[in-house]
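These notes are about the structure you will find just below.
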Amino acid sequence: MAKITFIDPAGEQRTVQAEPGSTVMEAAIRNDIPGIDAECGGACSCATCHVYVDEQWTEKVGGPEPMEEDMLDFAYDVRPTSRLSCQIKITPELDGLVVSTPERQG
Amino acid sequence: MTETIKTDVVIVGAGPVGLFAVFELGLLDIRAHVVDILDRPGGQCAELYPEKPIYDIPALPVVTGQQLTDNLLEQIKPFQPTFHFSEMVTGLERLPDDRFLLSTNGGERFDTKVVVIAAGGGSFQPKRPPIPGVEAFEGKSVHYAVRRMEAFRGRHVLIVGGGDSALDWTLNLAPLAARVTLLHRRDAFRAAPDSVNKMRALVDAGVIDLTLGQAVELIGENGVLEAVRVKRDDGSTHEIAADDMLPFFGLTMKLGPIADWGLQLNENLVPVDTEKFETTTPGIFAIGDINAYPGKLKLILSGFHEAALMAQAAARRIDPERRIVFQYTTSSSNLQKKLGVA
């Protein structure tokens, strides 16, 4: 299992256990993390699971693929560390990952 | 206004479940009209994930949204449904003789005995850009579609987005507008490469402007836009003067006018029974993702089952005298004749 911490815009932290192989979005939905809508259910089709990856983790997580980059065009307040959490696959290396949720999803 | 179409069934929504409803109704000799707000069949399968593989359609180990749509169209061909694309059913009225009058935003009217709501997550509508207070400018200075190009003659137009709609309207309005500015988050575009090249040529020629950044604030009063504040990647902001803004942020699903049809709703879903998949209004059925009942799973295969049972009940409503004999397509020459294979 990998630990993932979500920080909401007010600064509140929530840490959940996530199974390697699943996605950060799935971990959020399973644990009722507020601020992740995931309308399309993980098809990279809606940009409502937008998160900011903590600067310490951007290198390990990597950047978005072109299709995800296209979907990010529809997200709100996109920053250099923006990712769609449905496209971040959890690996043992991501144990301890920290992401922030944006003020709003699309 | 066009003549009212008199029919037995109108299906609202041409997604996989709406399409399969045509099949099940067709086996019972009922021809359907199908209305969809998109310009093509397939619903979410066509709009959200045409290329994505689906793994839980029985007997199809893997199929893409587009293949599933194409297969369903092939399957329902013998039943010759009449499609009405790019139209949204806006009105539903009960007529005194237990029929329904449906009207669309395109001015079509249907006088029908049965309504089948197969509207999935609702109708696809342009996504509102995530800018605070944008609602106040909608219709006056913020437009999600271009109905009349002339309306933009001599105006300063800000087009936002990087897809085909944004690029197409940038190219089309450039000769007409006082100035067109294209605003996009990054210097990469999803639109067709040809349009992107044409856009870049216009930028190089000094005909239009391209600005990279995200719109964060609309400046103006009473819905009349004056400027748009844009945030760059480094966090700095600047203003772009604009009379009109055309944001192209894709489509999202909204329940839409179904909410106004006097149906019982439960969290934007339509409750139905699990025998006929009929709503609390006799004659109006709801199948697929839009309905709700205990144990409901939003799966395409569930929608197919619902379509089959709905069709039996719809047939009884259309002709109460009729005796429906249950038949299999494998053995019934009657069904095979309808399918054009006998």
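Proteins get letters first, then strands, A, B, ... in listed order; numbering begins at 1 in each. As a basis for the values below, the full set of heavy atoms in this structure was taken, side chains included, without hydrogen atoms, waters or symmetry mates.
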*asked:* Under a plain distance cut-off of 3.5 Å, with no hydrogens placed, do Q214(B) and Y76(A) share a side-chain donor-acceptor pair?
replied: no
*Is chain B contacted by the side chain of M71(A), its backbone, both, or neither, given a heavy-atom distance below 4.5 Å?*
neither
*Under a 4.0 Å N-O cut-off, is there an ion pair linking D70(A) with R186(B)?*
yes
*If you count heavy-atom pairs under 4.5 Å between each of M253(B), K231(B), R190(B) and chain A, which one has the most?*
R190(B)
*Determine, for E306(B) against K296(B), whether the closest basic-nitrogen to carboxylate-oxygen distance falls under 4.0 angstrom.*
yes
_Counting C-beta onward and ignoring hydrogens, is there a side-chain heavy-atom pair between P102(A) and D77(A) closer than 4.5 Å?_
no
*Between F248(B) and chain A, which part of the residue has a heavy atom less than 4.5 Å away: side chain, backbone, both or neither?*
backbone
